[in-house]
Amino acid sequence: MYLIKDELAATLREIDDAGLTKHERELSTPQSAHIATQSGPALNFCANNYLGLADHPDVIASAREALDQWGFGMASVRFICGTQAQHRDLEHAIAALVGTEDAILFSSCFDANGGVFEVLFGAGDAIISDELNHASLIDGIRLSKAARYRYKNADMADLRAQLEAAKDSGAHRMVVVTDGVFSMDGYYAPLDEICDLAEEFGAMVLVDDSHAVGFVGENGRGTPELFDVIDRVDIVTGTLGKALGGASGGYVAAHQEIVDLLRQRARPYLFSNAVAPSVVAGSLTALLTATRAPEQRTKLARNTQLFRELMTDAGFDLLPGSHPITPVMFPGPDGARQAGQIADAMLAHGVYVIAFSYPVVPQGKARIRVQLSAAHSDDDIRTCVAAFVAARDEVLGGRSSEV
């Protein structure tokens, strides 16, 4: 019997009363810099489509051809009859890109992070994790029986203290876990310093590089390349759902023995269908396009710089940085309301952005997270800034604001 209906309805009301209900706006077009929503056409400044490959004609063509050559779905897990040659081709390409011996595909990076810790770290081991790590890392770590330590975001003094505590406890294996890029702030983890400390204490390093692979670093190899530590990071997890085509799928790239053991014991890998053939083919083309087309990375960096300059000139408060994730801050007790109202007003001006407030971000640090793409033109960016200005004037009525 369905006895919890009233309780669930009450919970939903509490979420809505707190202004935390997440509304999904339907798109009637492919994912792109220019989209159509229920409210009409809009410029899209809130997708993870960093290189503009989600609707790239070569990626689409590869996916379409794969339907004819490889079929629609695998209808099996990898170790039964769910492995095609192209699955291994993509794994080899990922490993070559990020600089590891091998890689293993998962249905998503959430699954990749959900499968790696339980296999590699158990009772008697220690996992030392940045406090702002992605939810998938947090959930994956919870599945392990290893002792858990948390250090303040990118705080190397606190990381040292947690490593000392783990070592003093007699931990056997130790691993430092961090996002390569923290998605709410657009900040890079200081991987060079993290690797220094990890080596001092004999710990491994795991980096979730979902918001960097394909476009960060001189050759798009991610944050380990940016910090020149490719050979010092033991495990890299990431997604195919952002810069590399934006579809689905994730991976763990690591030393050969780690990948081999994950194939034997990682539960999300053993008990989930293989990544669909068309997604594999499209993702492989997206990966090769990203590595062979440096002009897209250059365009993305230029777009990010232009947006930051124009918004600063317009008097907005931006978190500093160079990543395409550009948080526009609305601090103070009224910031969450302002951010939400300005984001809504911007859609009426044809620009789609999303506001974030507590508990997704800390109390008093509400923001609109803007994400630039190589697919944006200079005119797109100027239109976005003009929409920010117009929406701010409408919401704040010309008053001096905290932005």
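Heavy-atom basis, side chains included; hydrogens, waters and symmetry copies ignored.
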- Query: Between Phe316 and Phe388, does a ring pair (Phe, Tyr, Trp, His ring centres under 6.0 Å) hold up when you go through it step by step?
  - Reply: CA-CA 9 Å; Phe316 287 90; Phe388 261 106; 5.5 Å; yes

All pairs passing salt bridge (Lys or Arg N to Asp or Glu O under 4.0 Å) where [range] contributes a residue, at least two apart:
range	result
residues 353-381	Asp185-Arg367
residues 111-139	Asp139-Arg142
residues 149-161	Arg160-Glu200

Side-chain contact test, heavy atoms from C-beta onward, threshold under 4.5 Å: evaluate it for [X] versus [Y] and give yes or no.
X	Y	answer
Val98	Arg221	no
Ile128	Val177	no
Ile342	Phe330	yes
Leu53	Asp58	no
Tyr269	Phe79	no
Val176	Met204	no
Ile354	Arg25	yes
Leu206	Asp234	no

Testing the basics here: between [X] and [Y], what is the closest heavy-atom pair and its distance to 0.1 Å?
X	Y	answer
Ala339	Ala366	CB-CB, 4.4 Å
Thr304	Pro324	OG1-CA, 3.5 Å
Ile94	Ala103	CG2-CB, 4.0 Å
Thr37	Tyr352	CG2-CD2, 4.1 Å
Thr326	His323	OG1-O, 3.7 Å
Val233	Cys195	CG2-SG, 4.1 Å

- Query: Considering residues at least two apart in sequence or located in another chain, which fulfil the side-chain hydrogen bond (donor to acceptor under 3.5 Å, both in side chains) criterion with His87?
  - Reply: none

- Sequence-distant partners of Asp209, side-chain hydrogen bond (donor to acceptor under 3.5 Å, both in side chains), two or more places apart: Thr223

Determine yes or no for a side-chain-to-main-chain donor-acceptor pair under 3.5 angstrom, with [X] supplying the side chain and [Y] the backbone.
X	Y	value
Gln31	Ala47	no
His134	Thr178	no
Thr11	Glu7	yes
Thr83	Arg78	yes
Asn49	Ala54	yes
His349	Val351	no
Asn133	Asp179	yes
Glu101	His255	no
Ser76	Cys81	yes
Ser144	Ile141	no

Are [X] and [Y] close enough that a side-chain donor and a side-chain acceptor fall under 3.5 Å?
X	Y	value
Asp260	Gln264	no
Thr237	Asn113	yes
Asp89	Gln84	no
Gln371	Asn48	yes

Whether over 12 other heavy atoms sit under 6.0 Å from [X] [atom1]:
X	atom1	answer
Arg88	CZ	yes
Glu218	CD	no
Tyr358	OH	no
Asp228	CG	no

According to ring pair (Phe, Tyr, Trp, His ring centres under 6.0 Å), who are the partners of [X], at least two apart in sequence or on a separate chain?
X	value
Tyr151	none
Phe121	none
His56	none
Phe307	none

- Message: Leu97 and side-chain contact (heavy atoms from CB on, under 4.5 Å): which single residue from Leu287, Val236, Leu288, Asn219 fits?
- Response: Leu287

- Query: Salt-bridged, Arg263 to Glu91, with N to O below 4.0 Å?
  - Reply: yes

- Residues Asp317, Arg392: salt bridge by 4.0 Å N-O rule: no

- Message: For residues 274-293, which residue pairs pass the side chain to side chain donor-acceptor pair (under 3.5 Å) check, not counting sequence neighbours?
- Response: Ser62-Thr285

- Note on the structure: Sequence neighbours excluded, the answer for salt bridge (charged side-chain N to carboxylate O under 4.0 Å, His left out) partners of Glu65 is none

- By side chain to side chain contact (heavy atoms under 4.5 Å, CB included) - contacts of Glu26 (at least two apart): Gln38

- Would you sort out whether His211 and Tyr187 count as a ring pair (Phe, Tyr, Trp, His ring centres under 6.0 Å), showing the intermediate values? CA-CA 10 Å; His211 283 279; Tyr187 290 158; over 10 Å; no

